[in-house]
Structures are given as structure tokens and as C-alpha cells.
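Everything numeric in this text was worked out from a predicted model, so none of it was measured. When reading the values below, keep in mind they use all heavy atoms of this one structure, side chains included, and skip hydrogens, waters and symmetry mates.
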Amino acid sequence: MAELLAPAGNIEALDAAIGEGADAVYMGLKSFNARLRTTNFAWNQFEAAVQAVHRQGKKIFVTVNTVSEERETERLYRFLAYLDAVGPDGIIVQDFGIIRMVQEFFPKLRIHASTQMNIASARGVNLLSREGVKRVVLSRELSLEEIKKIRSNTSAELEIFVHGALCVSESGLCLFSSFLGGKSANRGMCTQACRRFYSAEVAGGVEQGYYFSPCDLQLIDKIPELVKVGVDSFKIEGRMKSAEYVGSVTAAYRYVLDHWQEDRKGAIATGKRLLSMDFARTKTNFWYDFALPEKGSVAESDEKVASKVLNPAQAGGTGIFLGTLERIRPIKLESDAKDSSFQTVKIATLRGGNYDPDQGDSIRLHRKDDTGRVSHKVRIVQEMDGRRWIDIPEGFSVGDPVYLLQTKSMSKRYRHVLPDNLSSFRRQPGAQQLPILDLTPIAKNELSYFPEGLYVQVSTVADMFAVQSENPVRLILELNSETRADLIEKNVTLPFAKKQVIISLDPFCPAALEDNLASTVDLLIAKGFCTWVVNNPAHISMLKDKDVNMIAGPYLYTFNRWAVSWLENQELGAFITPLENSRRNLEATFDVAFRSRVLVSVFAYPALFRMRFRLPKAYDFTFFSDKEGMQFKALSSPDGSFVMPENPFSIADKTSFLKNAGFTRFLIDFSKTKVKKKDLNQIVAAMRRQQALPETSRFNWKDGFYSPEKIEEYRSAKERTVDTARSSGGKYKTRKFSGKK
């Protein structure tokens, strides 16, 4: 029997999930999980939950699905030791470093590969399975036929998402939120850039819309086929959703799983009725109904997929539209305080909707300029002037839209899973010291394929000619539909010797295309291409037993030496820095003796979104901007669609500093960008002269990732400084804090 896996973002959602018949729940604790903005569980609550859920014959999984910096690895080690002691049924991970730590120290912990690991093919699943991963949560951008293909070629457990919010970007490959301010989706801090309101430059003027806000996934009518395929676990997304949402969605899928064999049509109809109060976005079944070719690029129907998942008129938030704020006024109410004082509350009327909110209903208010959203439970309802007035939070004005999240009548009481008294649950992470890990020493001539100097990456053969004048020591050529045709079908002459050319593989490797990719790789190896940039575990599986050199690309995230060590064990000896990385973390990960293994990206147009479809024809624009005026560009190709910043990432002026630190290999990355000789000359000149390029971004190079812990440490230190100065009667100064560590 397939498992029904429900989210438990808080205690109430845990009660609802178990109460409605989930076989298992997944939850996060206060750190190392991809939903840091939800409530999450305290240590004693989690320990109690494991015991209570197990007593009911259910399972509990813990999300540890973020990538960790080197400075965090000891805390991560202690966290894993704590989990090992408490005994959940599995941990869901993205970081290769966690796999390496578990292999070394905690073999009892059962590992599940997160969808953030971007596994979309049997080769990827099987590589992880051989490394001890028991279950893989497949990428969400797969068709039913692709899931069938994966199932028929692996014995590992497979888990898929069947309901809830989608990411517009391919699973685990979104850099947008991180680029905007260090709040990395790979670190649990996603600010949902895809849900934002954008202005696009079109012929005749400017149009606005939620161009990249995807609909929500709903596969309730596909459950019978997926059961027959042999999917092991059906996962409901929603650790940031309410208990009512979790309860209603769990009940719907529970009913279909239990009754489809006796009455398929009736069971699905009942399930859909149970979902009728899911006040989320418009629903889509994404790729499930589309057949995909086994050769070439994405399906010809990919624009239809895009039109099914993207709706520019759909606001980024969820809920049923109640209207816009029409009139707002303050009223005074008696305060709950003992002094019988009064408090001022704002109330408002709505215009344009078909439902009048009641006391106890939950609503969400959006600022019309898309600068913020707030969820709010209605406490006050007054009938005045023939209109219904409701209380609203501060910070909203006339014209702001309002949405219904749930009605009071939807609320349902569930039996508590956790005991009332948690005093006996006292485990917490300890103070264990992480053993020192040394990376593999570099053997003589080991890196002959990886010389010092300038590397340039391009997306077309024509661009290879454009960069020839700068004499890079290696040319990295992206393998895509166009370059495949040039290299294999047209057999074009290249301006570089094959030993100087490195082939870079796309990070998304779906089941429909993996066999064709493997054949292409074999053909290119036979032609003499012997060095490859791999960006997906499936690539490692394709190349591991062949006489070639593998370089870990930027999408095999090497944010700590434990991840580097795991990749070393897969026969990878060189590494390209992830574009999200910071100088401090790069130096912490690679000691001086190992920095000759690293290729540092010094210039790039990062792919902020990577989408497995062409954008719809209605998206007849290249440039668009956000509310802050930051400009981006959209590109559709036979290999999918990409969003990139108008202003590139550059640390070209830091190469002298990097050389002094021991990094001697530098990458100028023109992926998805037409190369102009004058641009390349300008970048190389900036490297030589150590001059910053104008209108470029440092990404996270200087400030690193956004870190709530660091902000709290700063605030505490600042308060101590102020208190000390006051107590001593001295003067003190404060400086503005940027909000990043």
C-alpha cells in the first residue's frame, strides 16, 4: 500500500494530518530545513512527536534539506547526532555533505534525497541508492511516463509530490531569491521571487503581471495510475499552511487511496469535493498529461504546459478573492489591559467580492504595490451604513486586495498527538566535536587536465570563435540542442583542440532524455572529448566507469568540505564554485593546499530561474523589472526557458587577491549569452587592472548568505555595547547594519 505523507509545520497541523489518516508526516526543526519561515518544532515537541507517532503505527520524517556552509558543519554534526538518538524514520536531505556524515558516523539514520537534489532519472536515483539513500523524492517537473520509466529501472523507494505549491524553476535550481539579497532557496530562506508582480517591456509600452507565479499542483485524479506505477509515497506540500488546509487535503487523498479500487470515479469525485475548500491558487497537473520525446529537446507541447502552469493575472498569494479595501476608518475599543485603557483598531469595507467575511474567518491582505502580504484572523465584524466592516491590520490602504484563506466553519478539532506534559522529553543537541576531515591530497600530474589560467564558458560554437583571441587555457562548451547538432550531426570544425575543450552538461537530466544524453556522451567521448563538467548525480553515473575527467559544476553544491569529500569519492577531482558562494566560505571549505582543485567563477549571468518549458507566446518580451526597478531578461529556447539578471555577477577585479590566496583558475561564464569581443576584452582588462566592472553585482561574494542567527548575534552584541557604555558613562557609536551577516 502506498504511503500518504502529510506536512506538519506546527503542532496543530500534526494533529490534523494524523487525525485525517496520514501514514507519515514530515516536519522541520529550528534549523537546517527548507521552510525556516514556518513555526517548526522545538526539541521537546519533536522528541514527543516521534514517540507519539510511533505508538500509533505511523512514521515521522525530518527535513534537513538545505545546503550548509563550512562554519555550520559542527552544528550540523551535533544536530545529526541528536536525530540519531531520537530516532525518526528518516531524514530528507539535499546536501551531499550530510550523506557523507551519515555514512561516516550515523549509519542508522535512514536517508531520503530531497526534491531539492534535482533527481529526475533512474541513473540519478540509482547512484544515490548505491550510496545508501533509501528513498528519492523525484523532481516535480516529470510526466507520468517518465515516472513509469524511473520505476521500471530502479528498486529504490520513490516519493512524489501530488498536491500543493509549485516552484516555477526546476527543482533545486532556483537562484533568484539568493541573488536578490542572500536569502537562498537552498538554505530555507526563499522569498518567492516567482510570486512577485513584474513590469514587462512590450511593443507599444509596458504590461504588468505575475508572470512567473505558478498554479498549484493537484494530482488527485492521477492517484490510481500512480499507485499502479508503483510510487511508494504520495507527498502533500504545505509546511507553511494551516492545520485546516492540511486536514482537508489529507482527508481527500486518504479517501481516494482507500476507495479508488472499488469505485474509481466515485472516489475521485468525493476527493475533489473534500478539496473544494482548498482556497489556494488555480490547480494544474503540470507535466503529467504530456508525452515527451526520447530524442532532442523538450516536447513540442511545452508551451501548452507553460500555459497550464503560468497565469500572469493570478496574484502570487492564495485564497478566494474577497475584493479590495474600499473604506478604512479607526475605532476605539476597550483594551484587555487591567487599566481599562482603549486601543485604536482599523476597520474597513470591501468592494468587488462575493463573500462577506465573518468573525473567525482567516484572510490575507496584499499591498497593491506587492510590497507585502499579511494573514489575519477577523475578530471584529460590525454592520454600519448598510455595509459590513471588519478589522484589518496596520499598513494597508484603499485599493489593496483581500483574499479568503479559510472560514471559521472549516475549523475542526482533532485529538492531540503530543502529550500535555512534555517535561520528560529533554534531549537536545550536545557539544560533540566534529572530527577533522582532510580532503584527498593532490597527486603528481593528477590535475593535468585542469591547468592554471583563464577558462571561458559559452553556449554556441560561434561563440568559441569570439573568445579565441583571449587564448583561454580551456574552453567550456555547454551541451545543448544546438551544440549537439554541431558536434555530432554537422561535425563542425572547432577553433580549439579537443583536449582544450570541456563539455558542460545541463543540471536538469529528466528521464525522457537521459538515454539520449548517455548516447550523446558516448559519441563525444569516442570523438575525443575527455573532460566533462557534471551538474547532476545522473551525469556522474553516466561517466563514472569511463576513462574521462569529471569536474563538479556549480550545481553540485560544494558549500562544505564534507560535500567535497562525497564528490571526491565519486571520482571527481576538481570543482567549480557555486555562484551563490561567498569568499569567506570558499576559503573555509578549501585549505590552501587544495585550492588548485577549484575553478572560481569571476563573471556570469546567473540563471535565476530554469524552467522546463518554452514561455507562452503571450510572453512577447525579453526585459522585465521588479518593483525596485531591478531589470531582468527572459530567454526561451528548445532546451527550456531561463531568467537572468540584466546586470551580471562579477568579481573580475578580485583575481589578484584570489591568486594571493592560492586560487589560480578563473572562469568567465557566458552561458545563455551571446559573446561580444568588446565585452570579453573589458572583463579581461578588469582582471588585469584589478578594476571593478560598472553595473555588476557581487551576488553573495562579500556579504554571504542572509543569516537570522548572525543578525541576532549582532543585535545582542550591540545591546551589550550600549549597556556597557551607559554603565560607564562613556559615549558610544553605532553603525548601520545591512541586514546580512
Side-chain angles (χ1 to χ4, degrees), residues 1-7 20-24 115 119-122 125 135-154 157-168 170-171 214-238 245-246 248-278 280-292 298-299 301-302 304-311 510-512 612-613:
M1 184 69 178
E3 172 188 276
L4 179 59
L5 177 58
E20 294 294 355
D23 299 302
T115 189
I119 304 299
S121 66
V125 172
R135 178 186 294 185
V136 173
V137 188
L138 295 176
S139 296
R140 283 167 283 192
E141 303 79 20
L142 296 176
S143 70
L144 179 62
E145 291 303 313
E146 288 179 299
I147 294 171
K148 286 181 181 178
K149 183 178 179 183
I150 295 170
R151 176 72 287 167
S152 64
N153 287 285
T154 185
E157 292 182 14
L158 300 179
E159 178 177 306
I160 65 166
F161 280 94
V162 293
H163 197 93
L166 287 170
C167 299
V168 73
E170 291 161 349
S171 297
C215 300
D216 280 1
L217 184 66
Q218 179 174 296
L219 297 180
I220 197 159
D221 54 344
K222 306 295 181 185
I223 293 299
E225 284 87 359
L226 291 165
V227 171
K228 292 176 183 177
V229 166
V231 172
D232 297 282
S233 180
F234 298 120
K235 188 172 195 172
I236 298 166
E237 185 276 336
Y245 172 92
V246 172
S248 63
V249 176
T250 302
Y253 283 85
R254 177 78 276 158
Y255 190 88
V256 173
L257 279 168
D258 290 347
H259 298 285
W260 71 268
Q261 288 178 298
E262 62 198 56
D263 180 10
R264 174 175 174 152
K265 186 176 180 180
I268 292 172
T270 299
K272 287 185 173 180
R273 281 196 298 272
L274 291 170
L275 290 174
S276 63
M277 298 301 279
D278 170 8
R281 305 172 188 92
T282 306
K283 300 300 185 290
T284 180
N285 54 21
F286 208 11
W287 279 97
Y288 280 76
D289 286 337
F290 290 91
L292 297 172
V298 294
S301 58
D302 58 1
K304 294 181 181 179
V305 176
S307 64
K308 286 183 64 174
V309 75
L310 296 177
N311 179 4
R612 192 194 183 183
F613 46 70

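- Side-chain atoms of Lys235 and Thr115, non-hydrogen and from C-beta on, never get closer than 4.5 Å to each other.
- One side chain, Ser171 or Glu141, offers a donor N or O that lies under 3.5 Å from an acceptor on the other.
- Under the 4.0 Å criterion applied to side-chain N and carboxylate O atoms, Glu3 and Arg135 are assigned as salt-bridge partners.
- Residues Asp258 and Met1 meet the side-chain proximity criterion, which asks for heavy atoms closer than 4.5 Å.
- Looking at Tyr253, its side chain never comes within 3.5 Å of a backbone N or O of Leu5 through a donor-acceptor pair.
- The closest side-chain heavy-atom distance from Lys272 to Asp221 is below 4.5 Å.
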Original post:
Could you walk me through whether Val305 and Thr284 pass the side chain to side chain contact (heavy atoms under 4.5 Å, CB included) check?
Top reply: CA-CA 9 Å; Val305 176; Thr284 180; over 6 Å; no
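- A side-chain donor-acceptor contact under 3.5 Å links Arg273 and Thr270.
- Side-chain atoms of Ser248 never come within 3.5 Å of backbone atoms of Leu275 as a donor-acceptor pair (strictly under, hydrogens ignored).
- Judged by distance alone, the side chains of Glu20 and Thr250 never bring a donor and an acceptor atom under 3.5 Å apart.
- Contact of the Val162 side chain with the Ile220 side chain is not registered, since no non-hydrogen atoms from C-beta on lie closer than 4.5 Å.
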Original post:
side chain to side chain contact (heavy atoms under 4.5 Å, CB included) between Val137 and Ile160: does it pass, once the steps are laid out?
Top reply: CA-CA 6 Å; Val137 188; Ile160 65 166; over 6 Å; no
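- Here the side chains of Glu237 and Pro7 are not in contact, with every heavy-atom distance at 4.5 Å or above.
- A donor-acceptor pair under 3.5 Å is absent between the side-chain atoms of Asn153 and the main chain of Ala122, judged by distance alone.
- For the pair Leu158/Arg151, a side-chain contact is recorded, criterion being any heavy-atom separation below 4.5 Å from C-beta on.
- In this structure, Tyr245 and His163 have tilted ring planes: the angle between them lies in the 30° to 60° band.
- Contact annotation: the side chain of Leu166 approaches that of Val309 to within less than 4.5 Å [non-hydrogen atoms, C-beta and beyond].
- Taking Lys148 as the reference, Leu144, Glu145, Val229 meet the side chain to side chain contact (heavy atoms under 4.5 Å, CB included) condition, with sequence neighbours excluded.
- Considering CZ of Phe234 and CG of Leu257, their distance stands at 6.0 Å, rounded to 0.5 Å.
- The closest donor-acceptor contact from the side chain of Lys283 to the backbone of Asp216 lies at 3.5 Å or more, if one exists at all.
- Taking the side chain as every heavy atom from C-beta outward, Trp287 and Leu142 never approach each other to under 4.5 Å.
- Contacts of Arg264 classified as side chain to side chain contact (heavy atoms under 4.5 Å, CB included), with partners at least two apart in sequence or in another chain: Pro224, Glu225, Lys228, Ile268.
- With sequence neighbours left out, the ring-ring contact (aromatic ring centres under 6.0 Å, His included) criterion links Tyr288 to no other residue.
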**OP:** Apply the test salt bridge (Lys or Arg N to Asp or Glu O under 4.0 Å) to residues Arg612 and Glu170: give CA-CA distance (whole Å), side-chain angles for both, the deciding distance (0.1 Å), then the verdict.
**Re:** CA-CA 7 Å; Arg612 192 194 183 183; Glu170 291 161 349; 5.9 Å; no
